[in-house]
Amino acid sequence: MKLGGELVGDPDIEIRRLATLESAVPGDLSFLSDKRYRAKLRTTRASAVILARAERDATDLPRILCEDPYAYYARAARLLNPEARPAPGVHPRAVVENGAQVPASATVGPGCYIGRGAQLAERVVVGANCSIGEDERIGEGSRLYPSVTVYPGFIIGKRAVIHAGVVIGADGFGMAAEAGRWIKIPQTGGVNIGDDVEIGANTTIDRGALDDTVIEDGVKLDNQIQIGHNVRVGAHTAMAGCVAVAGSTRIGSHCAIGGAARIIGHLTIADHVTIFAAAVVTKSIARAGTYAGTLPSAPSREWAKTVAHLRSLDRVVERIRDLETRLPKPGKKKR
Amino acid sequence: MKLGGELVGDPDIEIRRLATLESAVPGDLSFLSDKRYRAKLRTTRASAVILARAERDATDLPRILCEDPYAYYARAARLLNPEARPAPGVHPRAVVENGAQVPASATVGPGCYIGRGAQLAERVVVGANCSIGEDERIGEGSRLYPSVTVYPGFIIGKRAVIHAGVVIGADGFGMAAEAGRWIKIPQTGGVNIGDDVEIGANTTIDRGALDDTVIEDGVKLDNQIQIGHNVRVGAHTAMAGCVAVAGSTRIGSHCAIGGAARIIGHLTIADHVTIFAAAVVTKSIARAGTYAGTLPSAPSREWAKTVAHLRSLDRVVERIRDLETRLPKPGKKKR
Amino acid sequence: MKLGGELVGDPDIEIRRLATLESAVPGDLSFLSDKRYRAKLRTTRASAVILARAERDATDLPRILCEDPYAYYARAARLLNPEARPAPGVHPRAVVENGAQVPASATVGPGCYIGRGAQLAERVVVGANCSIGEDERIGEGSRLYPSVTVYPGFIIGKRAVIHAGVVIGADGFGMAAEAGRWIKIPQTGGVNIGDDVEIGANTTIDRGALDDTVIEDGVKLDNQIQIGHNVRVGAHTAMAGCVAVAGSTRIGSHCAIGGAARIIGHLTIADHVTIFAAAVVTKSIARAGTYAGTLPSAPSREWAKTVAHLRSLDRVVERIRDLETRLPKPGKKKR
C-alpha cells in the first residue's frame, strides 16, 4: 500500500504481478479502468483488483480503491517491474574515441561508436550498434536501445528513453529551387531534447536549419514519428505512432496528438490541444480543445457513393439555388 | 513443367529467366496476369509466356496454360531463383554471449550481437549489425537482414524473412496521465511471431503491455508498418507499406490491408476483410467484405471548392429544410 | 559578393554566419524570403540582410539585393558552411571483404560491412555501422550516414547524401495468393539511383520485382518515405517526409510532392506536378499543375456534424430530387 488508496478485504494477500482481468491467475493484481469492462470482474481469477472509489461494491474480491485506477496501475507496475539495466562498462567491441567522456557507471554496448568529445553522464546506457556523434551530450540515466543514430553536437536531457532505430539530428529538408534544380541548404541548427523524454522505435527528429529543433521536458513520442526541422514540441505533449510534424511548426505543452495525425509546417498549436487520430492539421490552432478531421471508412460500395456525391456538391448547391429562385420566400426577404 | 499447366508449342524451348512482357528478351519466360495488357503479347520478345486457359489463342508463342498465371509466375520465379544464403558460421566480428545457442548451420554476420540465452534454430541467418536480445528464440530457417533489432525474450517462428531496420519488441506506448505528466507504464508483455511471416524494412512491432502482441502464421507485412502493443494479426493476412495499427486491435485471418491504411485501437476486424489503401478504420468490422475511406485528390482549385461545400453542408441541409417547409408534400404525409 | 547580387550599404561589413531575422546577432547575415515577415526587418539585429530587389527600401541595413533571396541564402549558406568530411581511411573495426574496392580517398567507419565485389568510388564516406551488400557500386563523393543498409548488387550515383537508417533494395512486396496463402515472388530486379540524390533518415526504397526501381538524377527525398518496387521517380523531383509511393508508379520530373502524400500503385504522374501535403493520389495525372486532396481538421464537434452530413448525402440528394419533382421547371425543360 506504498502507493496509497484504500484496501478493502484481506490485507495479507500476496501479489506477484499485474495482469488484465481476462488473463489474470491467482497471485495477480488486476484493474478496472473503464466501466464498460465491469462484467469482467465477475469472471476474473485475479487475487485483487484496483478500482475507482465508486466501484467499491462491484466485486467481493480484495480491492484497492483510488481516484484513478489507471494511474494507480501504472505506479504499481513500476513498483513490481523495476527496470533491469545492463551492467556498467564499455564493451570491448565498442569504439570510444579519444576525448569522449564515459563515466564508470555508464554502459556502452558492443558495436557502438562514441565520437570525439561526446559526453555521457552517469548511468547512461547505450545499446548495441548505436552511433553517437562528436560532442554529443547525453544526460544522466538516459537509455538508448540498439541501432540509434545521433548526429554530432546535440543535447539529450536526463532519463531519456530512446528506442531502437531512432535517428536524431539528420539534416532537415531544406532545398531552394533554382533553374529547375534543388540547391541543398546546409542544416546548421541543433537538436535540443529536454529531460524525461521518450522516443519510440524508428522515429526521426531532424536538426534545425539555422535555429534548433526543440523537444521539451516530458514529451513522449511513439514509433515512426517524423519531426521536421525547427519544430518545437512543448513540455509533456504526447504523440502516438506515425505522427508527422512538418518544419517550423510549434506545438504547445500538454497536447495529445493521435496516431498518424499530420501537421503541416509553420503552424502554431496552442497548449492543451487534443488532435484525433489521422487528422490533418492545416491551420494554426489558437485555443485548447479537441480537433478532428478523419472520414471513417465504410463498405466500399457505400463509400463510392459518398465520393460521387461529394464530387457533385457543386451541382447540388446549384440545384438548391435554382429551387430557391423558383420558390421565393414569402414576405421578409431579409437574407 | 514441374509446376503443372499445359504446354502449347515447342516443348524443348530453354528458359533462363523470367521477365515482364516489355523487357523480355529471347530466352525469357513472361506472363500475362491482366487482360488489359494483352496487346503486349504482340510485341514481346519473350520465348514463351504463361497464360490463363482462356487466353490459349491470344498468341502463337510457346505458352503454358494454367488457372492462375500470376501464381504460376510466382512458383516459376521461385524455381528459377533459388534463394542464395550466406555460408554458415559465426563471423569473428560478431559477439555471441555465453549461453546463446547458435547451431553450426546458422550464419551470424559481422557486428551482430546475440544476447545470453538466445536460441537460434538450424539454418537461421542473422545479417550484419543485428542486435538479438537475451532469451530470444528464432525458428528454423529464419532470415534477418542487416540492422534488425529484436528486444529480449520473444519468439519468432520458422522461415521468417525480416528485412533491414525492423524493430521487434520495443515498448508499447503506454502512459497514464497524472497531474499533467505522463507516467510510463512498464511494458512487460511479449511478442509472438508465427511461422512463415515476412516483415518489411523499418517496420516496428511493439511488445505487449501485459499480454502479448501476436503475429500469426503466414502474415506478410510490407515496409514501415507500425503494429502497436497487444495487436493480434490473424493468419495469412497481408498488409502493404505504411499501414499503422494502434494498440489492442485484433485483425482477422486472410485480410488484405492496403498501403497506408490506418486502424485505430481496440477494434476487432473480421476474417477476409479487404481495406483499401489509405482508408482510416475507426470502428470494428464484423463481416467480410471490402471497405474504403479515401477521398481521391483533384486539381487544387476544384478541391478547394469541394472543401468549401463540405464545410457548408450544415447550411445546405438547412436550405433544403426551408424549401421543404415552404413546399409541403401533397397528400400522404408518410414521413 | 562571390554570389552576385547588388550590395547596398557598407561594403566592408564582416559576416560570420547566417541566421534567421529573429535570432540574428551582430555579425550575422539574414534574409527575407517572404514578404509576410517584412516587419521583422525593423527589429532584427542582423548586420546585413538578403532581399528581393523590390525590397530595396524596406530597411536601412546593409543589404544584398537579388532575384531570389531564398536561393541566394542557400548559396551563401553553402559558402559559409563547407561540409566537414571525416578523414579518409578504413576504420580497423570495419569489415571489408576480399574483392571490395575502397580507394584511399574513401572513408569507411567503424562497424561497417562492405561485401565482396562492392566498389566505392573516390571520396565516398560510409558512416558507422552501415552494411553494403556484395557488388554494390557507390559513385564518387557520395556520403552514407550511420546504419544505412544497401542490399547487394545495386547502383548509387555520384554525390548522393543518404541519411541514417535508410534501407535500399529490400524485397518489394510481391505475393501471389493461392489457396488462401501467400506465395512470395522472388524479387530479382535492381535499384538504380542517379547522381545528386538525397535520401532522408529511415526512408526505404525497394528493389524491383523483375525490372529496376529507378531514382533519377537530382531527386530529393525527405525522411521516412516509402518507395515501392519498380517505381520510377523522375529527375529533380522532391518529396517531403512520409510520402508513400506504391509499386510500379512512375512519377515525372520536377515534381514536388507534399509531406505524407500517398500515391497508389501503377499510376503515371506527369512532369511538373505539385501534390499538396497529405493528399491521396488514386488516378494517373496527365498534366502539370497542383493537386490537393486533404480535408482540414476542425473542432471535433463541428467535424462530427460534417461527417454526419457527408454520410447522409444520399438522402440530401433525394430530398432535392423530391423538391424538384414537386416544383416543375417553368417552361424550358432543357435538362
Side-chain angles (χ1 to χ4, degrees), chain B residues 18-20 23 68 70-71 73-75 77-78 81 83 91 93 109-111 127-129 145-147 161 163-165 198 200-202 218 220 222-224 236 238 240-242 254 259-260 277-278 294-300 303-304 307 310-311 313-314 316-317 320 323-324 327 329-330, chain C residues 93 95 111 113 129 131 147 149 151 165 167 170-171 173-178 180-186 188 202 204 206 210-211 224 226 228 242 244 246 261-262 264-265 274-276 279-283 289-296 298 305-306 309-310 313 316 319-320 323 326-327:
Chain B
L18 282 153
T20 56
S23 63
D68 181 344
Y70 195 62
Y73 148 61
R75 294 205 173 277
R78 293 174 69 95
N81 301 282
E83 199 199 342
H91 195 281
R93 290 287 177 88
N129 294 320
Y145 285 88
S147 292
V161 178
H163 284 284
E198 179 154 354
N202 283 352
K220 309 294 180 186
D222 195 0
N223 297 356
Q224 296 197 36
H236 309 294
C242 303
H254 301 286
T294 293
L295 294 180
S297 58
S300 49
W303 181 257
V307 170
L310 192 64
R311 280 177 160 160
L313 272 183
D314 222 30
V316 164
V317 173
I320 295 174
L323 286 162
E324 286 170 341
L327 191 71
K329 276 216 159 141
Chain C
R93 289 288 177 86
V95 173
Y113 173 78
N129 294 320
S131 305
S147 292
T149 299
Y151 283 56
V167 178
D171 286 347
F173 199 62
M175 307 282 164
E178 195 177 60
R181 311 207 157 204
W182 300 102
I183 315 171
K184 178 182 174 69
I185 299 170
T188 59
N202 283 352
T204 53
D206 280 349
L210 289 166
D211 300 330
Q224 295 198 37
Q226 152 68 0
C242 303
R262 274 102 221 297
I264 71 161
T274 295
I275 294 170
F276 286 179
V280 179
V281 180
T282 59
K283 284 186 311 195
T290 63
Y291 296 80
T294 293
L295 294 180
K305 253 191 193 173
T306 299
H309 285 320
L310 192 64
L313 272 183
V316 164
R319 284 161 75 183
I320 294 173
L323 285 162
R326 285 186 277 149
L327 191 71

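Below, chain A is the first sequence line, B the second, and so on; all start at residue 1.
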Next on the checklist: Strictly distance-based, threshold 3.5 Å: is any side-chain N or O of C:R326 a donor or acceptor partner for the main-chain N or O of B:L327?
Outcome noted: yes
Next on the checklist: Using heavy-atom distances under 4.5 Å, tell me whether B:T20 contacts chain C through its side chain, its backbone, both, or neither.
Outcome noted: both
Next on the checklist: One pair to check against side-chain hydrogen bond (donor to acceptor under 3.5 Å, both in side chains): B:S23 and C:D211. What are the steps and the verdict?
Outcome noted: CA-CA 8 Å; B:S23 63; C:D211 300 330; 2.7 Å; yes
Checklist entry - Counting only N and O atoms by type, is there a donor-acceptor contact under 3.5 Å from the side chain of C:Y151 to the main-chain atoms of B:Y145? => result no
Checklist entry - With a 4.5 angstrom heavy-atom cut-off, which part of B:A164 approaches chain C: side chain, backbone, both or neither? => result both
Checklist entry - Side chain of C:R181, backbone of B:H236: donor and acceptor closer than 3.5 Å? => result no
Checklist entry - Taking C:A298, C:G111, C:S131, C:A177 one by one, which has the highest count of heavy-atom pairs under 4.5 Å against chain B? => result C:S131
Item to check | Non-hydrogen atoms of C:L310 and B:L313 that approach each other most closely | outcome: N-CD1, 4.0 Å
Item to check | Backbone N/O of C:G165 and side chain of B:N202: donor-acceptor pair under 3.5 Å | outcome: yes
Item to check | CA sep, side-chain torsions, deciding dist, call: C:H309, B:V316, side chain to side chain contact (heavy atoms under 4.5 Å, CB included) | outcome: CA-CA 10 Å; C:H309 285 320; B:V316 164; over 6 Å; no
Checklist entry - For C:I275, is it the side chain, the backbone, both, or neither that has a heavy atom closer than 4.5 Å to a heavy atom of chain B? => result neither
Checklist entry - Where do C:W182 and B:G218 come nearest, in terms of heavy atoms and distance? => result CD1-O, 3.9 Å
Next on the checklist: Between B:S300 and C:T290 (side chain of the first, backbone of the second, donor and acceptor by atom type, cut-off under 3.5 Å), is there such a pair?
Outcome noted: yes
Checklist entry - Checking heavy atoms, do the side chain of B:D68, its backbone, both or neither come under 4.5 Å from chain C? => result side chain
Item to check | Heavy-atom closest pair, residues B:A74 and C:P186 | outcome: O-CD, 4.1 Å
Checklist entry - Does B:W303 reach the main-chain N or O of C:Y291 with its side chain, forming a donor-acceptor pair under 3.5 Å? => result no
Checklist entry - Going from OG1 on B:T294 to CZ on C:R262, what distance comes out if it is rounded to the nearest 0.5 angstrom? => result 10.0 Å
Item to check | Interchain contact, B:A277 with chain C, by part (heavy-atom threshold 4.5 Å) | outcome: side chain
Next on the checklist: Nearest 0.5 angstrom please: C:I183 CD1 to B:Y73 OH, how far?
Outcome noted: 11.5 Å
Next on the checklist: Less than 4.5 Å to any heavy atom of chain C: does that hold for the side chain of B:P110, its backbone, both, or neither?
Outcome noted: side chain
Next on the checklist: Would C:V167 and B:N223 count as a side chain to side chain contact (heavy atoms under 4.5 Å, CB included) here? Give the steps.
Outcome noted: CA-CA 10 Å; C:V167 178; B:N223 297 356; over 6 Å; no
Next on the checklist: Please classify the contact between B:H163 and chain C as side chain, backbone, both or neither, with a heavy-atom cut-off of under 4.5 Å.
Outcome noted: both
Checklist entry - Side chain, backbone, both or neither: which part of C:L295 has an atom under 4.5 Å from a heavy atom of chain B? => result both
Next on the checklist: Looking only at heavy atoms and a cut-off of under 4.5 Å, which of C:A246, C:G180, C:A279 has the most pairs with chain B?
Outcome noted: C:G180
Checklist outcome for this item: Assert top hit (heavy-atom pairs under 4.5 Å, partner chain C, pool B:A19, B:G241, B:A278) equals B:A19
Checklist entry - Are B:S147 and C:N129 close enough that some pair of their side-chain heavy atoms sits under 4.5 Å apart? => result no
Checklist entry - Which atoms of C:T149 come close to chain B, meaning under 4.5 Å heavy atom to heavy atom: side chain ones, backbone ones, both, or neither? => result side chain
Next on the checklist: Heavy-atom cut-off 4.5 Å, strictly under: side chain, backbone, both or neither for C:A261 against chain B?
Outcome noted: neither
Next on the checklist: Please give me the minimum heavy-atom distance between B:A71 and C:A176, naming the atom from each residue.
Outcome noted: CA-CB, 3.7 Å
Checklist entry - Taking only residues two or more places apart in sequence or in another chain, which ones pass salt bridge (Lys or Arg N to Asp or Glu O under 4.0 Å) with B:R75? => result C:E178
Checklist entry - Hey, which of C:R93, C:K184, C:Q224 has the most heavy atom pairs under 4.5 Å with chain B? => result C:K184
Checklist outcome for this item: Comparing C:V281, C:V280, C:T274 against chain B, the one with the most heavy-atom pairs below 4.5 Å turns out to be C:V280
Checklist entry - Relative to chain C, which segment of B:E198 carries a heavy atom at a distance below 4.5 Å: side chain, backbone, both, or neither? => result side chain
